[in-house]
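Quick notes on the structure that follows.
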Amino acid sequence: MGSIFGKIFKVSTFGESHGAAVGCVIDGCPSMLPLCEADIQKDLDRRRPGQSELTTLRGEDDRCRILSGVYNGMTLGTPICIIVDNKDARPADYSEIAKVWRPSHADYTYDAKYGLRDPRGGGRSSARETVGRVAAGAVAKKILGDQITIRAWVESVHTITMPAPSATPAENDIEASPVRCPHKQTSDRMAEFIKKARSEGDSVGGVIRCRIDGLPAGLGDPVFDRFEALLAQAMLSIPACKGFEIGSGFAGARMFGSQHNDIFQLKEADGRQVVGVRTNLAGGVLGGITSGAPVDFRAAFKPTATIAIEQETLTRDLKPATIIGRGRHDPCVLPRAVPIVEAMAAIVSADALLQQRTVKIRP
């Protein structure tokens, strides 16, 4: 069912939205890596529901348990299983949709493919599945170490966009905002806009930007396994993600080559001369291989499909029907999607690093 991602650092997620539990199994994590549940819990807390009035009111504390692969606080090199129990499941909220296909949900396509689906909150297609991704991403970050940082933030909600930052925003500035937008004035406007959409029974989408700083040159492979192609696959596999661009992205299509080319130059780093670029319109990847410049990309997320406005649809026996979204849902997925984007970026980066093993950086 397409539940495994990665070549060496392999992540398999399991569980349904209103089943007993969700989680992941990680294969290929090196041994002797310090790891405890607190390392994972920090990111799970950033993803969990009920963080603010801008998110779903589902009451999950998302406490994780490591079931295998760790002994005395160190990874064994064997499969790591991480589980999070579902404690506030309310499957009765979804009894109506067992026979009705919700607009813009996976109800119809799951029925078309499997002939059967779990209607409780979308089952496997729910964003609850991403608990396992975030847990695995926390382990991937331990592999990457302190020299490689991954930071995502909400750049826009609907048509409200923050000014372009001169550098990667500080984690404290991002986390200080309930929207996870590091520009306070824009964050306040976004929050009010999301509240208004929720009060009207509607939802909104937007764009998350992410930067990976500190990756060495040489990661990724040409042709089909390009670093940015794997990043795109990772991002577009996140529920509600509908677009991906790296570097200049679609804006680059409106530029001349003389404007777009990144000029190589020598830069000072740690007391030595290293190869750098004046601009980074390529987004840190050339020919599918990291250049050593920050990997800079954006992921676009659609508005939450479940809304409290009556909509027309069809039943499973092809009868016209109407439906109003029930249950507990985010009016905007972006604030909680930020740690998911970081997690998938970390998984891609850790897997690429383990594949490369030895990287030679020439000045």
Side-chain angles (χ1 to χ4, degrees), residues 1-48 60-87 89 106 110 114 117-118 120-145 150 225 230-231 233-239 241 336-337 339-355 357:
M1 196 183 173
S3 296
I4 302 173
F5 186 81
K7 289 191 173 182
I8 293 181
F9 188 83
K10 293 184 179 181
V11 177
S12 175
T13 66
F14 61 83
E16 290 80 36
S17 179
H18 289 263
V22 289
C24 67
V25 176
I26 303 165
D27 198 9
C29 181
S31 62
M32 301 299 291
L33 186 74
L35 183 67
C36 65
E37 288 163 350
D39 295 325
I40 300 163
Q41 196 61 51
K42 177 184 176 183
D43 281 344
L44 286 178
D45 287 344
R46 296 169 64 219
R47 195 224 71 96
R48 70 174 178 82
E60 299 283 0
D61 58 9
D62 283 354
R63 306 306 298 180
C64 69
R65 290 181 289 141
I66 299 175
L67 301 187
S68 66
V70 177
Y71 179 70
N72 285 343
M74 303 291 282
T75 58
L76 293 167
T78 56
I80 300 169
C81 181
I82 304 167
I83 190 169
V84 171
D85 294 321
N86 289 331
K87 295 183 177 180
Y110 268 58
Y114 299 105
R117 62 184 166 89
D118 181 350
R120 303 169 301 171
R124 186 71 177 148
S125 67
S126 167
R128 184 97 185 121
E129 175 270 336
T130 61
V131 166
R133 300 174 187 232
V134 172
V139 178
K141 288 178 182 178
K142 297 285 287 187
I143 294 173
L144 297 175
I150 300 175
D225 288 339
L230 297 175
L231 266 183
Q233 180 187 356
M235 296 306 136
L236 291 171
S237 73
I238 300 172
C241 185
R336 294 175 60 217
I340 304 170
V341 167
E342 290 183 359
M344 294 307 295
I347 291 169
V348 171
S349 300
D351 194 32
L353 199 64
L354 290 172
Q355 288 181 60
R357 294 189 181 275

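With sequence neighbours left out, Tyr114 forms a ring-ring contact (aromatic ring centres under 6.0 Å, His included) with Tyr110. Residues forming a salt bridge (Lys or Arg N to Asp or Glu O under 4.0 Å) with Arg124 (at least two apart in sequence, or on another chain): none.
The minimum heavy-atom distance between Ser17 and Asn86, with the atom names listed, is O-ND2, 3.3 Å. Here the closest heavy-atom approach between residue Pro339 and residue Val134 is recorded as O-CG2, 4.2 Å. In plain terms, the two heavy atoms of Ala136 and Ile347 that are nearest each other are CB-CD1, 4.0 Å. Minimum heavy-atom separation, Val131 to Leu44: O-CD2, 3.6 Å. The shortest heavy-atom contact between Ala345 and Leu231 is CA-CD2, 4.1 Å. Of all non-hydrogen atoms in Val25 and Cys81, the two that sit nearest each other are CG2-SG, 4.2 Å.
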(Q) Under the criterion side chain to side chain contact (heavy atoms under 4.5 Å, CB included), I'd like the reasoning laid out for Asp45 against Arg63: C-alpha separation, chi angles, the key distance, then a yes or no. (A) CA-CA 8 Å; Asp45 287 344; Arg63 306 306 298 180; 4.0 Å; yes
Q: Go through the steps for Val341 and Met235 under the test side chain to side chain contact (heavy atoms under 4.5 Å, CB included), then give the verdict.
A: CA-CA 7 Å; Val341 167; Met235 296 306 136; 3.8 Å; yes
Q: Start with the C-alpha distance between Asp62 and Arg128, add both sets of side-chain angles, then the distance that settles salt bridge (charged side-chain N to carboxylate O under 4.0 Å, His left out), and finish with yes or no.
A: CA-CA 10 Å; Asp62 283 354; Arg128 184 97 185 121; 2.8 Å; yes
Q.
Could you walk me through whether Phe5 and Cys24 satisfy the side chain to side chain contact (heavy atoms under 4.5 Å, CB included) test, starting with their C-alpha distance in whole Å, then the side-chain angles of each, then the deciding distance to 0.1 Å, before giving a yes or no?
A. CA-CA 11 Å; Phe5 186 81; Cys24 67; over 6 Å; no
Q: Please lay out, stage by stage, how Asp118 and Arg120 fare under the test salt bridge (charged side-chain N to carboxylate O under 4.0 Å, His left out).
A: CA-CA 6 Å; Asp118 181 350; Arg120 303 169 301 171; 2.7 Å; yes
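Residue pairs that meet the side-chain hydrogen bond (donor to acceptor under 3.5 Å, both in side chains) test with at least one member in residues 129-140, sequence neighbours left out, are Thr13-Glu129, Arg47-Thr130, Glu129-Arg133, Arg133-Ser237. Pairs passing the salt bridge (charged side-chain N to carboxylate O under 4.0 Å, His left out) check and including a residue from residues 66-86, sequence neighbours excluded, read Arg65-Asp85. Within the structure, side-chain hydrogen bond (donor to acceptor under 3.5 Å, both in side chains) pairs that include any residue of residues 66-77 do not occur (at least two apart or interchain).
Side-chain atoms of Val139 and Phe9, non-hydrogen and from C-beta on, do get closer than 4.5 Å to each other. Residues Ile150 and Leu144 have side chains in contact (heavy-atom distance under 4.5 Å, counting atoms from C-beta outward). Taking 4.5 Å as the limit, every side-chain heavy atom of Asp225 sits out of range of all side-chain heavy atoms of Gln355. Residues Val11 and Met344 form no side-chain contact, since every pair of their non-hydrogen atoms from C-beta on lies 4.5 Å or further apart.
Between the side chain of Glu37 and the backbone N or O of Ile66 there is at least one donor-acceptor pair closer than 3.5 Å.
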Give every donor-acceptor pair under 3.5 Å between a side-chain atom in residues 26-34 and any protein atom, sequence neighbours left out.
none

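Shown here is Lys10, whose NZ atom has no more than 12 heavy atoms of other residues, nucleotides or ligands within 6.0 Å.
To the nearest 0.5 Å, the span separating CD1 on Ile40 from CD1 on Ile82 amounts to 3.5 Å.
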